[in-house]
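Here's the structure we're looking at; comments come further down.
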Amino acid sequence: MKGLYFQRSSTSEELTFVFQERENLPVTEDNYVKLQVKACALSQINTKLLAEMKMEKDFFPVGREVAGVVLDVGSKVSFFEPDDEVVGILPLDSEDPGLCEVVRVHEHYLVHKPEKVTWTEAAGTIRDGVRAYTALHYLSHLSPGKSVLIMDGASALGTIAIQLAHHRGAKVLSTVCSLEDKQCLERFKPPIARVIDVSNGKAHVAESCLEETGGLGVDIVLDAGVRLYSKDDEPAVKLQLLPHKHDIITLLGVGGHWVTTEENLQLDPPDSHCLFLKGATVAFLNDEVWNLSNVQQGKYLCILKDVMEKLSTGVFRPQLDEPIPLYEAKVTMEVVQKNQRRKKQVVQF
């Protein structure tokens with residue numbers, strides 16, 4: 001039985017993905033479940049976080065968003081039994097790669113998969129659903145009537161975040177990075193209040209948002225990265241597609257919430273003072289926080305269940321690429337790691 005792993009080069013940040021033979025799994029015991037994987041979604045690996053958590057090793061398992069059938073359960077498992085269809089996210093310290101036919105996982109990382117949801121939909125939506133919930137519910141307290149700016153709305157996360165915001169009765173604005181992405185968002189139902197195309201470098205995000213909100217600014221911003229420095233110090237691609245941090249601060253309304261994916265965000269005293277005058281807040285989107293805190297396990301399971309419920313009722317309509325077989329996972333993962341995929345890629349077994 002083969003599984004996909006990555007190895008980090010000693011001289012660079014590049015990752016090498018390799019298939020390795022795995023020994024037979026040990027007897028399923030305590031709260032663990034043996035799972036036959038039916039689908040596994042591919043996501044970028046945060047090697048910096050793994051290093052900070054002292055989780056580096058020679059070969060690290062790849063693939064964490066899994067959906068499959070329960071084969072066996074430990075003596076202390078209370079939520080599942082053999083033949084149950086489940087979905088979940090393997091923890092950071094999992095010994096097993098999701099890109100393998102059979103894995104062993106603690107029951108607290110799994111929930112039941114609704115019958116009408118396909119394997120690829122379940123695996124391909126679960127993580128972005130968690131990220132959207134974390135950003136809009138727990139970090140910015142989304143409620144009906146709020147105005148929300150979702151940056152890069154045609155991305156896998158952006159799509160789910162827009163659908164969640166619409167479901168909660170919010171007014172949604174979004175940026176796009178290409179004409180194709182713009183056409184995609186313009187087909188959304190209910191319609192997005194304003195789609196801002198930043199691909200040609202002419203649209204000004206702050207001005208567009210202030211115009212759309214009558215000068216009040218938006219209540220919530222979910223970014224997809226920001227520029228921190230002057231034009232001379234930023235790479236050309238980042239310069240064109242990402243707003244400057246000052247633009248985000250400018251377009252925030254009074255009491256607004258800025259949820260950022262920029263883990264190295266730097267705010268100067270004038271930036272902080274402007275946020276202070278608006279009574280605005282900045283929060284960092286790190287969906288791994290649920291994995292790092294056992295205290296939050298109950299909330300985490302509620303999020304997983306709600307994501308699946310919204311997927312089954314059609315609230316979430318993920319943008320998924322065509323599923324691929326396991327033998328193509330190595331090459332595809334190299335592309336995903338370089339952030340060169342727009343739609344979510346899922347491996348189907």
Side-chain angles (χ1 to χ4, degrees), residues 31-43 63-71 73 77-92 94 96 98-99 103-139 142 150 155-169 188 222 285 287-291 293 296-321 323 343-349:
N31 293 93
Y32 280 84
V33 170
K34 184 183 287 186
L35 187 68
Q36 180 182 7
V37 180
K38 294 292 187 179
C40 177
L42 306 182
S43 294
R64 294 173 54 205
E65 301 120 275
V66 298
V69 178
V70 174
L71 296 176
V73 298
V77 170
S78 54
F79 298 122
F80 306 104
E81 54 188 38
D83 296 326
D84 279 355
E85 297 184 352
V86 298
V87 58
I89 303 175
L90 302 183
L92 272 173
S94 172
D96 299 339
L99 288 166
V103 300
R104 198 173 65 107
V105 57
H106 196 286
E107 66 170 334
H108 289 166
Y109 294 101
L110 300 170
V111 294
H112 287 94
K113 179 186 77 67
E115 187 177 348
K116 63 169 68 174
V117 173
T118 67
W119 299 115
T120 53
E121 287 173 338
T125 308
I126 191 70
R127 186 170 185 180
D128 289 316
V130 170
R131 297 185 77 199
Y133 259 84
T134 304
L136 298 180
H137 279 287
Y138 288 94
L139 298 181
L142 177 69
I150 307 292
S155 64
L157 170 61
T159 299
I160 297 298
I162 288 171
Q163 291 163 356
L164 179 59
H166 271 154
H167 180 69
R168 291 285 290 164
F188 269 44
L222 172 57
L285 177 57
D287 55 300
E288 299 296 355
V289 71
W290 302 108
N291 267 303
S293 173
Q296 303 289 345
Q297 201 68 48
K299 286 183 180 179
Y300 180 57
L301 287 176
C302 287
I303 294 175
L304 295 180
K305 291 175 183 176
D306 212 30
V307 169
M308 284 299 105
E309 187 269 330
K310 284 182 170 49
L311 186 58
S312 68
T313 56
V315 173
F316 289 159
R317 302 174 302 282
Q319 299 285 326
L320 303 179
D321 219 329
K343 295 181 179 180
K344 197 75 170 182
Q345 186 68 69
V346 181
V347 174
Q348 190 168 23
F349 289 78

Please round to the nearest 0.5 Å and tell me the distance separating atom [atom1] of [X] and atom [atom2] of [Y].
| X | Y | atom1 | atom2 | value |
| --- | --- | --- | --- | --- |
| Cys302 | Glu309 | SG | CD | 12.5 Å |
| Arg131 | Ile126 | CZ | CD1 | 13.5 Å |
| Leu311 | Thr125 | CG | OG1 | 4.5 Å |
| Leu110 | Ile89 | CG | CD1 | 10.5 Å |
| Ile150 | Thr159 | CD1 | OG1 | 10.5 Å |
| Met308 | Lys116 | CE | NZ | 13.5 Å |

Do the side chain of [X] and the main chain of [Y] share a donor and acceptor less than 3.5 angstrom apart?
| X | Y | result |
| --- | --- | --- |
| Arg317 | Gly314 | yes |
| Arg168 | Leu142 | yes |
| Asp84 | Glu81 | yes |
| Arg64 | Leu90 | yes |

So, for [X] and [Y], which heavy atoms are closest and what is the spacing to 0.1 Å?
| X | Y | answer |
| --- | --- | --- |
| Ala41 | Gly124 | CB-CA, 4.0 Å |
| Phe188 | Gln319 | CE1-NE2, 4.5 Å |
| Ala123 | Ala39 | CB-O, 3.8 Å |
| Gly98 | Phe349 | O-CZ, 4.0 Å |
| Thr120 | Pro323 | CG2-CB, 4.0 Å |
| Val70 | Leu35 | N-CD1, 3.9 Å |

With sequence neighbours left out, the residues meeting side-chain hydrogen bond (donor to acceptor under 3.5 Å, both in side chains) with Ser94 are none
Taking side-chain hydrogen bond (donor to acceptor under 3.5 Å, both in side chains) as the definition, give me every residue that meets it alongside Lys113, ordered by chain and number, with sequence neighbours left out. Glu85
Would you say His108 and Asn31 are linked by a side-chain donor-acceptor pair, where the criterion is simply a distance under 3.5 Å? no
Check: Lys305/Tyr300 side-chain N/O donor and acceptor closer than 3.5 Å: no
Report the C-alpha distance between His112 and Phe79 in whole Å, list the side-chain angles of each, state the deciding distance to 0.1 Å, and finish with yes or no for ring pair (Phe, Tyr, Trp, His ring centres under 6.0 Å). CA-CA 9 Å; His112 287 94; Phe79 298 122; 8.5 Å; no
Applying side-chain contact (heavy atoms from CB on, under 4.5 Å), run through Leu92 and Glu288 and close with a yes or a no. CA-CA 8 Å; Leu92 272 173; Glu288 299 296 355; 3.7 Å; yes
Run Trp290 and Tyr138 through ring pair (Phe, Tyr, Trp, His ring centres under 6.0 Å) and show every step you take. CA-CA 12 Å; Trp290 302 108; Tyr138 288 94; 5.1 Å; yes
Result for side chain to side chain contact (heavy atoms under 4.5 Å, CB included) between Glu107 and one of Leu301, Val86, Val73, Val77 points to Val77
Counting C-beta onward and ignoring hydrogens, is there a side-chain heavy-atom pair between [X] and [Y] closer than 4.5 Å?
| X | Y | answer |
| --- | --- | --- |
| Pro318 | Ile160 | yes |
| Tyr133 | Lys310 | yes |
| Tyr32 | Val105 | no |
| Trp119 | Val346 | no |

Could you go step by step and tell me if Arg127 and Ser43 meet the side-chain contact (heavy atoms from CB on, under 4.5 Å) rule? CA-CA 9 Å; Arg127 186 170 185 180; Ser43 294; 3.5 Å; yes
Should Phe316 and Leu164 be marked as a side-chain contact (heavy atoms from CB on, under 4.5 Å) after you check the CA-CA gap, both sets of side-chain angles, and the distance that decides it? CA-CA 7 Å; Phe316 289 159; Leu164 179 59; 3.9 Å; yes
Where do Lys343 and Leu320 land on the side-chain contact (heavy atoms from CB on, under 4.5 Å) test, with the steps shown first? CA-CA 5 Å; Lys343 295 181 179 180; Leu320 303 179; 5.9 Å; no
Answer yes when Lys344 and Glu121 have at least one side-chain N-carboxylate O distance shorter than 4.0 Å, and no when they do not. no
